[in-house]
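Structure first, commentary second.
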Amino acid sequence: MSTPEQPPHRSGFVALVGRPNAGKTTLTNALVGEKVGIVSNRPQTTRHAIRGVVHRPGGQLVLVDTPGLHKPKSLLGKRLNDVVRDTLSDVDVIVFCIPADQPVGTGDAFIARQLREVKAPVVVVVTKTDAASKKQVFEQLVAVSKLVEGAAEVVPVSAVSGDQVELLEDLLIGLLPEGPPLYPEEQTTDEDVERQLAELIREPALEKVRQEVPHSLAVTIEEINRRPDPKRPGEEFVEVHALLHVERNSQKPMLLGKGGSVIKQIGTEARAGMETLLGARVHLELHVTVLGEWQDDPKKLNRLGY
Ligand SMILES: Nc1nc2c(ncn2[C@@H]2O[C@H](COP(=O)(O)OP(=O)(O)OP(=O)(O)O)[C@@H](O)[C@H]2O)c(=O)[nH]1
Ligand SMILES: [Mg+2]
(Lines give C-alpha, C1' and ligand atoms only; values in the text may rest on other atoms or scores of the structure.)
(Ligands and ions follow the chains in the order given, each with its own letter.)
Protein backbone atom coordinates (compact mmCIF):
# COMPACT_ATOMS: atom_id res chain seq x y z
CA MET A 1 0.00 0.00 0.00
CA SER A 2 2.80 2.44 0.78
CA THR A 3 5.16 3.95 -1.77
CA PRO A 4 8.44 5.78 -1.09
CA GLU A 5 6.71 9.17 -1.57
CA GLN A 6 3.60 8.36 0.41
CA PRO A 7 3.64 7.50 4.11
CA PRO A 8 1.63 4.38 5.03
CA HIS A 9 -2.07 4.69 5.85
CA ARG A 10 -2.78 4.35 9.56
CA SER A 11 -5.96 3.39 11.39
CA GLY A 12 -7.09 2.45 14.87
CA PHE A 13 -9.04 3.22 18.01
CA VAL A 14 -8.50 6.16 20.34
CA ALA A 15 -10.37 6.36 23.67
CA LEU A 16 -11.13 9.72 25.24
CA VAL A 17 -11.21 9.51 29.02
CA GLY A 18 -11.35 11.98 31.86
CA ARG A 19 -13.50 13.06 34.76
CA PRO A 20 -17.09 14.18 34.12
CA ASN A 21 -17.38 17.57 32.37
CA ALA A 22 -13.75 17.55 31.16
CA GLY A 23 -14.85 18.27 27.58
CA LYS A 24 -14.43 14.78 26.07
CA THR A 25 -17.58 14.82 23.96
CA THR A 26 -17.11 18.41 22.79
CA LEU A 27 -13.61 17.43 21.66
CA THR A 28 -14.90 14.26 19.96
CA ASN A 29 -17.45 16.31 18.04
CA ALA A 30 -14.80 18.88 17.06
CA LEU A 31 -12.43 16.18 15.81
CA VAL A 32 -15.14 14.42 13.81
CA GLY A 33 -16.51 17.75 12.56
CA GLU A 34 -20.03 16.61 13.36
CA LYS A 35 -22.19 16.16 16.43
CA VAL A 36 -21.86 12.52 17.40
CA GLY A 37 -22.53 12.93 21.11
CA ILE A 38 -24.50 15.28 23.32
CA VAL A 39 -22.85 17.89 25.51
CA SER A 40 -23.93 19.65 28.69
CA ASN A 41 -22.46 21.37 31.71
CA ARG A 42 -23.99 18.66 33.92
CA PRO A 43 -21.66 15.84 34.95
CA GLN A 44 -22.24 12.39 33.44
CA THR A 45 -23.82 13.59 30.29
CA THR A 46 -22.33 10.71 28.31
CA ARG A 47 -23.68 7.33 29.40
CA HIS A 48 -22.28 4.95 26.80
CA ALA A 49 -19.19 4.58 24.63
CA ILE A 50 -19.75 6.58 21.45
CA ARG A 51 -17.71 6.01 18.32
CA GLY A 52 -16.88 8.91 16.06
CA VAL A 53 -14.80 8.46 12.92
CA VAL A 54 -12.25 11.00 11.67
CA HIS A 55 -11.29 10.57 8.02
CA ARG A 56 -7.97 12.09 6.95
CA PRO A 57 -5.89 11.47 3.81
CA GLY A 58 -3.17 9.70 5.78
CA GLY A 59 -5.30 7.78 8.23
CA GLN A 60 -8.52 7.05 10.00
CA LEU A 61 -9.10 7.69 13.69
CA VAL A 62 -11.92 5.85 15.38
CA LEU A 63 -12.59 7.88 18.51
CA VAL A 64 -14.33 6.25 21.44
CA ASP A 65 -15.85 8.90 23.69
CA THR A 66 -16.53 7.51 27.15
CA PRO A 67 -18.54 8.47 30.25
CA GLY A 68 -16.66 10.53 32.84
CA LEU A 69 -14.75 8.33 35.30
CA HIS A 70 -15.95 9.18 38.80
CA LYS A 71 -16.54 7.83 42.29
CA PRO A 72 -19.77 5.89 41.72
CA LYS A 73 -22.79 6.58 43.93
CA SER A 74 -25.20 4.24 42.15
CA LEU A 75 -25.30 1.06 40.10
CA LEU A 76 -25.59 3.29 37.02
CA GLY A 77 -22.33 5.02 38.06
CA LYS A 78 -20.61 1.65 38.48
CA ARG A 79 -21.80 0.54 35.06
CA LEU A 80 -20.58 3.78 33.48
CA ASN A 81 -17.12 3.29 34.99
CA ASP A 82 -17.14 -0.30 33.69
CA VAL A 83 -17.84 1.03 30.19
CA VAL A 84 -14.68 3.14 30.47
CA ARG A 85 -12.54 0.28 31.77
CA ASP A 86 -13.74 -2.08 29.02
CA THR A 87 -12.90 0.56 26.42
CA LEU A 88 -9.41 1.18 27.82
CA SER A 89 -8.35 -2.42 27.40
CA ASP A 90 -9.23 -2.38 23.72
CA VAL A 91 -7.75 0.72 22.10
CA ASP A 92 -4.48 1.76 20.43
CA VAL A 93 -4.16 5.19 22.06
CA ILE A 94 -5.70 6.92 25.08
CA VAL A 95 -6.49 10.62 25.24
CA PHE A 96 -6.72 11.77 28.86
CA CYS A 97 -8.68 15.05 28.98
CA ILE A 98 -8.03 17.51 31.80
CA PRO A 99 -9.67 20.96 31.72
CA ALA A 100 -7.38 24.01 31.72
CA ASP A 101 -9.78 26.07 33.83
CA GLN A 102 -9.97 23.73 36.84
CA PRO A 103 -7.21 22.65 39.21
CA VAL A 104 -5.94 19.09 38.83
CA GLY A 105 -7.87 17.14 41.45
CA THR A 106 -8.19 13.79 43.15
CA GLY A 107 -10.45 12.63 40.31
CA ASP A 108 -7.64 13.21 37.81
CA ALA A 109 -5.10 11.49 40.07
CA PHE A 110 -7.43 8.49 40.33
CA ILE A 111 -7.63 8.25 36.53
CA ALA A 112 -3.86 8.71 36.16
CA ARG A 113 -3.36 5.71 38.48
CA GLN A 114 -5.72 3.57 36.39
CA LEU A 115 -3.87 4.53 33.21
CA ARG A 116 -0.58 3.25 34.63
CA GLU A 117 -2.01 -0.27 34.25
CA VAL A 118 -2.79 0.24 30.55
CA LYS A 119 -0.28 -0.54 27.79
CA ALA A 120 -1.54 1.91 25.14
CA PRO A 121 0.28 5.28 24.86
CA VAL A 122 -1.41 8.13 26.72
CA VAL A 123 -1.79 11.60 25.18
CA VAL A 124 -2.77 14.17 27.77
CA VAL A 125 -4.99 16.91 26.40
CA VAL A 126 -5.47 20.09 28.39
CA THR A 127 -8.96 21.07 27.23
CA LYS A 128 -10.94 24.35 27.23
CA THR A 129 -7.84 26.54 26.74
CA ASP A 130 -10.13 29.35 25.52
CA ALA A 131 -11.64 29.47 29.00
CA ALA A 132 -8.29 29.98 30.78
CA SER A 133 -5.52 32.58 30.74
CA LYS A 134 -2.17 31.82 29.06
CA LYS A 135 -0.57 31.59 32.49
CA GLN A 136 -3.23 29.15 33.68
CA VAL A 137 -2.76 26.97 30.59
CA PHE A 138 1.01 26.95 31.07
CA GLU A 139 0.71 26.01 34.74
CA GLN A 140 -1.77 23.28 33.87
CA LEU A 141 0.62 21.83 31.28
CA VAL A 142 3.28 21.61 33.98
CA ALA A 143 0.86 20.07 36.48
CA VAL A 144 -0.46 17.39 34.10
CA SER A 145 3.06 16.48 32.97
CA LYS A 146 3.84 15.73 36.62
CA LEU A 147 0.58 13.84 37.08
CA VAL A 148 0.97 11.54 34.07
CA GLU A 149 4.53 10.29 33.97
CA GLY A 150 5.60 8.88 30.63
CA ALA A 151 2.84 10.57 28.64
CA ALA A 152 3.43 10.23 24.89
CA GLU A 153 2.46 13.89 24.41
CA VAL A 154 0.86 16.78 26.29
CA VAL A 155 -1.26 19.08 24.12
CA PRO A 156 -3.36 22.15 24.95
CA VAL A 157 -6.56 22.28 22.85
CA SER A 158 -9.77 24.26 22.59
CA ALA A 159 -12.62 22.32 21.03
CA VAL A 160 -14.75 25.48 21.09
CA SER A 161 -12.34 27.78 19.22
CA GLY A 162 -10.81 24.88 17.25
CA ASP A 163 -7.32 25.83 18.41
CA GLN A 164 -4.87 22.90 18.01
CA VAL A 165 -7.63 20.44 17.04
CA GLU A 166 -6.01 19.60 13.70
CA LEU A 167 -2.59 19.29 15.27
CA LEU A 168 -4.04 16.80 17.75
CA GLU A 169 -5.51 14.78 14.88
CA ASP A 170 -2.16 14.55 13.10
CA LEU A 171 -0.44 13.59 16.28
CA LEU A 172 -2.98 10.85 17.09
CA ILE A 173 -2.83 9.41 13.57
CA GLY A 174 0.95 9.23 13.94
CA LEU A 175 0.51 7.00 17.00
CA LEU A 176 -1.79 4.50 15.24
CA PRO A 177 -0.63 1.26 13.67
CA GLU A 178 -0.42 0.95 9.89
CA GLY A 179 -3.65 -0.39 8.40
CA PRO A 180 -6.50 0.22 5.99
CA PRO A 181 -9.59 2.33 6.86
CA LEU A 182 -11.95 0.53 9.23
CA TYR A 183 -15.08 2.47 8.29
CA PRO A 184 -16.38 3.62 4.89
CA GLU A 185 -15.58 7.23 3.94
CA GLU A 186 -19.11 8.58 4.47
CA GLN A 187 -19.61 7.09 7.94
CA THR A 188 -18.92 9.31 10.97
CA THR A 189 -20.53 7.22 13.72
CA ASP A 190 -22.16 3.86 14.33
CA GLU A 191 -24.73 5.20 16.79
CA ASP A 192 -28.20 3.92 15.94
CA VAL A 193 -30.87 6.45 15.07
CA GLU A 194 -33.13 5.56 17.98
CA ARG A 195 -30.42 6.25 20.52
CA GLN A 196 -29.43 9.48 18.77
CA LEU A 197 -33.05 10.66 18.94
CA ALA A 198 -33.27 9.84 22.64
CA GLU A 199 -30.03 11.73 23.29
CA LEU A 200 -31.30 14.76 21.39
CA ILE A 201 -34.13 14.93 23.93
CA ARG A 202 -31.89 14.36 26.94
CA GLU A 203 -29.49 17.15 25.88
CA PRO A 204 -31.85 20.15 26.22
CA ALA A 205 -33.56 18.51 29.19
CA LEU A 206 -30.28 18.28 31.14
CA GLU A 207 -29.70 22.02 30.90
CA LYS A 208 -33.20 22.86 32.07
CA VAL A 209 -33.35 20.91 35.31
CA ARG A 210 -31.35 21.26 38.47
CA GLN A 211 -29.95 19.45 41.50
CA GLU A 212 -30.31 15.70 41.26
CA VAL A 213 -32.78 15.68 38.35
CA PRO A 214 -30.15 15.44 35.54
CA HIS A 215 -28.87 12.23 37.11
CA SER A 216 -32.40 10.89 37.49
CA LEU A 217 -33.36 11.48 33.88
CA ALA A 218 -33.39 8.83 31.18
CA VAL A 219 -35.07 8.95 27.78
CA THR A 220 -36.46 6.11 25.68
CA ILE A 221 -38.00 6.19 22.24
CA GLU A 222 -41.22 4.18 22.27
CA GLU A 223 -42.33 4.56 18.69
CA ILE A 224 -41.10 5.97 15.39
CA ASN A 225 -43.57 6.22 12.49
CA ARG A 226 -42.40 7.27 9.05
CA ARG A 227 -44.78 8.23 6.31
CA PRO A 228 -44.79 10.41 3.19
CA ASP A 229 -44.88 14.10 4.08
CA PRO A 230 -48.28 15.43 2.94
CA LYS A 231 -46.81 18.93 2.61
CA ARG A 232 -43.61 17.98 0.75
CA PRO A 233 -44.01 15.39 -1.99
CA GLY A 234 -41.20 12.85 -2.11
CA GLU A 235 -40.10 13.58 1.45
CA GLU A 236 -40.66 11.76 4.70
CA PHE A 237 -42.56 12.87 7.79
CA VAL A 238 -41.43 11.28 11.03
CA GLU A 239 -43.52 10.92 14.19
CA VAL A 240 -41.53 10.21 17.34
CA HIS A 241 -43.00 9.15 20.70
CA ALA A 242 -40.61 9.35 23.63
CA LEU A 243 -40.71 8.82 27.37
CA LEU A 244 -38.73 10.91 29.84
CA HIS A 245 -38.17 8.79 32.93
CA VAL A 246 -37.51 10.36 36.30
CA GLU A 247 -36.96 8.55 39.57
CA ARG A 248 -39.44 10.25 41.88
CA ASN A 249 -42.87 11.88 41.69
CA SER A 250 -41.42 15.13 43.03
CA GLN A 251 -39.16 15.40 39.94
CA LYS A 252 -42.03 15.36 37.47
CA PRO A 253 -43.13 18.99 37.94
CA MET A 254 -39.50 20.16 37.57
CA LEU A 255 -39.35 18.62 34.13
CA LEU A 256 -42.82 19.78 33.11
CA GLY A 257 -42.47 23.38 34.33
CA LYS A 258 -45.28 25.83 34.98
CA GLY A 259 -48.13 25.06 32.60
CA GLY A 260 -45.82 22.60 30.79
CA SER A 261 -43.46 25.39 29.73
CA VAL A 262 -40.23 23.47 30.38
CA ILE A 263 -41.20 20.27 28.58
CA LYS A 264 -42.44 22.40 25.70
CA GLN A 265 -39.03 24.08 25.34
CA ILE A 266 -37.30 20.70 25.53
CA GLY A 267 -39.56 19.46 22.74
CA THR A 268 -38.88 22.45 20.52
CA GLU A 269 -35.10 22.14 20.85
CA ALA A 270 -35.09 18.35 20.49
CA ARG A 271 -37.29 18.49 17.41
CA ALA A 272 -34.94 20.94 15.69
CA GLY A 273 -32.02 18.58 16.29
CA MET A 274 -34.04 15.63 15.04
CA GLU A 275 -35.04 17.41 11.84
CA THR A 276 -31.37 18.16 11.13
CA LEU A 277 -30.39 14.56 11.86
CA LEU A 278 -33.16 12.96 9.82
CA GLY A 279 -33.49 15.57 7.09
CA ALA A 280 -37.27 15.35 7.49
CA ARG A 281 -40.06 17.14 9.29
CA VAL A 282 -40.64 15.68 12.73
CA HIS A 283 -43.64 15.55 15.04
CA LEU A 284 -42.47 14.86 18.58
CA GLU A 285 -44.61 13.61 21.48
CA LEU A 286 -43.01 13.69 24.93
CA HIS A 287 -44.37 12.11 28.09
CA VAL A 288 -42.87 12.25 31.55
CA THR A 289 -43.12 9.11 33.63
CA VAL A 290 -41.75 7.85 36.96
CA LEU A 291 -39.50 4.79 36.97
CA GLY A 292 -38.81 4.50 40.69
CA GLU A 293 -35.11 4.64 41.70
CA TRP A 294 -34.00 3.18 38.37
CA GLN A 295 -30.33 4.09 38.90
CA ASP A 296 -29.94 1.26 41.39
CA ASP A 297 -32.17 -1.36 39.79
CA PRO A 298 -30.43 -3.78 37.39
CA LYS A 299 -33.63 -4.65 35.50
CA LYS A 300 -34.65 -1.03 35.05
CA LEU A 301 -31.12 -0.12 33.94
CA ASN A 302 -31.31 -2.87 31.32
CA ARG A 303 -34.70 -1.62 30.14
CA LEU A 304 -33.20 1.87 29.72
CA GLY A 305 -30.22 0.47 27.81
CA TYR A 306 -27.55 1.10 30.48
N1 LIG B 1 -15.08 27.21 26.89
C2 LIG B 1 -15.05 25.91 26.56
N3 LIG B 1 -15.99 25.09 27.08
C4 LIG B 1 -15.94 23.78 26.73
C5 LIG B 1 -14.95 23.26 25.85
N6 LIG B 1 -15.16 21.94 25.72
C7 LIG B 1 -16.24 21.66 26.48
N8 LIG B 1 -16.73 22.76 27.08
C9 LIG B 1 -17.91 22.85 27.98
O10 LIG B 1 -17.73 21.98 29.07
C11 LIG B 1 -18.96 21.32 29.44
C12 LIG B 1 -18.77 19.84 29.41
O13 LIG B 1 -18.51 19.41 28.09
P14 LIG B 1 -18.71 17.89 27.64
O15 LIG B 1 -18.07 17.76 26.31
O16 LIG B 1 -20.13 17.47 27.78
O17 LIG B 1 -17.83 17.14 28.74
P18 LIG B 1 -17.64 15.56 28.94
O19 LIG B 1 -16.24 15.37 29.40
O20 LIG B 1 -18.03 14.84 27.71
O21 LIG B 1 -18.64 15.27 30.12
P22 LIG B 1 -19.31 13.84 30.56
O23 LIG B 1 -19.94 13.23 29.36
O24 LIG B 1 -20.31 14.25 31.57
O25 LIG B 1 -18.21 13.01 31.14
C26 LIG B 1 -20.00 21.84 28.44
O27 LIG B 1 -20.71 22.89 29.03
C28 LIG B 1 -19.15 22.31 27.27
O29 LIG B 1 -19.78 23.34 26.52
C30 LIG B 1 -13.97 24.18 25.30
O31 LIG B 1 -13.07 23.84 24.52
N32 LIG B 1 -14.08 25.49 25.71
MG1 LIG C 1 -19.44 13.42 27.41
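Order of appearance sets the numbers: ligands from 1, and atoms from 1 within every ligand. Predicted, not measured: the structure shown is a model, and the values here were computed from it. Values below: all heavy atoms of this structure, side chains included; hydrogens, waters and symmetry mates excluded.
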When you look for protein heavy atoms under 4.0 Å from ligand 1, which residues do they belong to? P20, N21, A22, G23, K24, T25, T26, V39, S40, N41, R42, P43, Q44, T45, T46, G68, K128, D130, A131, S158, A159, V160
What are the two closest non-hydrogen atoms of R47 and L80, and how far apart are they? O-CD2, 3.3 Å
May I ask you to decide whether R195 forms a salt bridge with E199, counting only side-chain N to carboxylate O separations under 4.0 Å? no
If every non-hydrogen atom of V53 is compared with every non-hydrogen atom of V32, which pair is closest and at what distance? O-CG1, 3.6 Å
Shell check on the Mg ion (ligand 2): protein N, O or S atoms less than 2.8 Å away are T25 OG1, T46 OG1
Rounded to the nearest 0.5 angstrom, the CD-NE2 distance for E222 and H241 is 10.5 Å
Please determine whether side chain to side chain contact (heavy atoms under 4.5 Å, CB included) holds for the pair F13 and L182, giving the CA-CA distance in whole Å, both sets of side-chain angles, and the decisive distance to 0.1 Å. CA-CA 10 Å; F13 291 86; L182 303 164; 3.8 Å; yes
Gap between atom NE2 of H215 and atom CZ of R42 - 0.5 Å precision: 10.0 Å
Using a distance-only test with no angle check, is there a side-chain donor-acceptor pair under 3.5 angstrom linking T46 and T25? yes
Return yes when atom CD of E166 has more than 12 non-hydrogen atoms of other residues, nucleotides or ligands closer than 6.0 Å, and no otherwise. no
By the definition side chain to side chain contact (heavy atoms under 4.5 Å, CB included), identify the one residue from L76, L304, L75 that meets it with Q295. L76
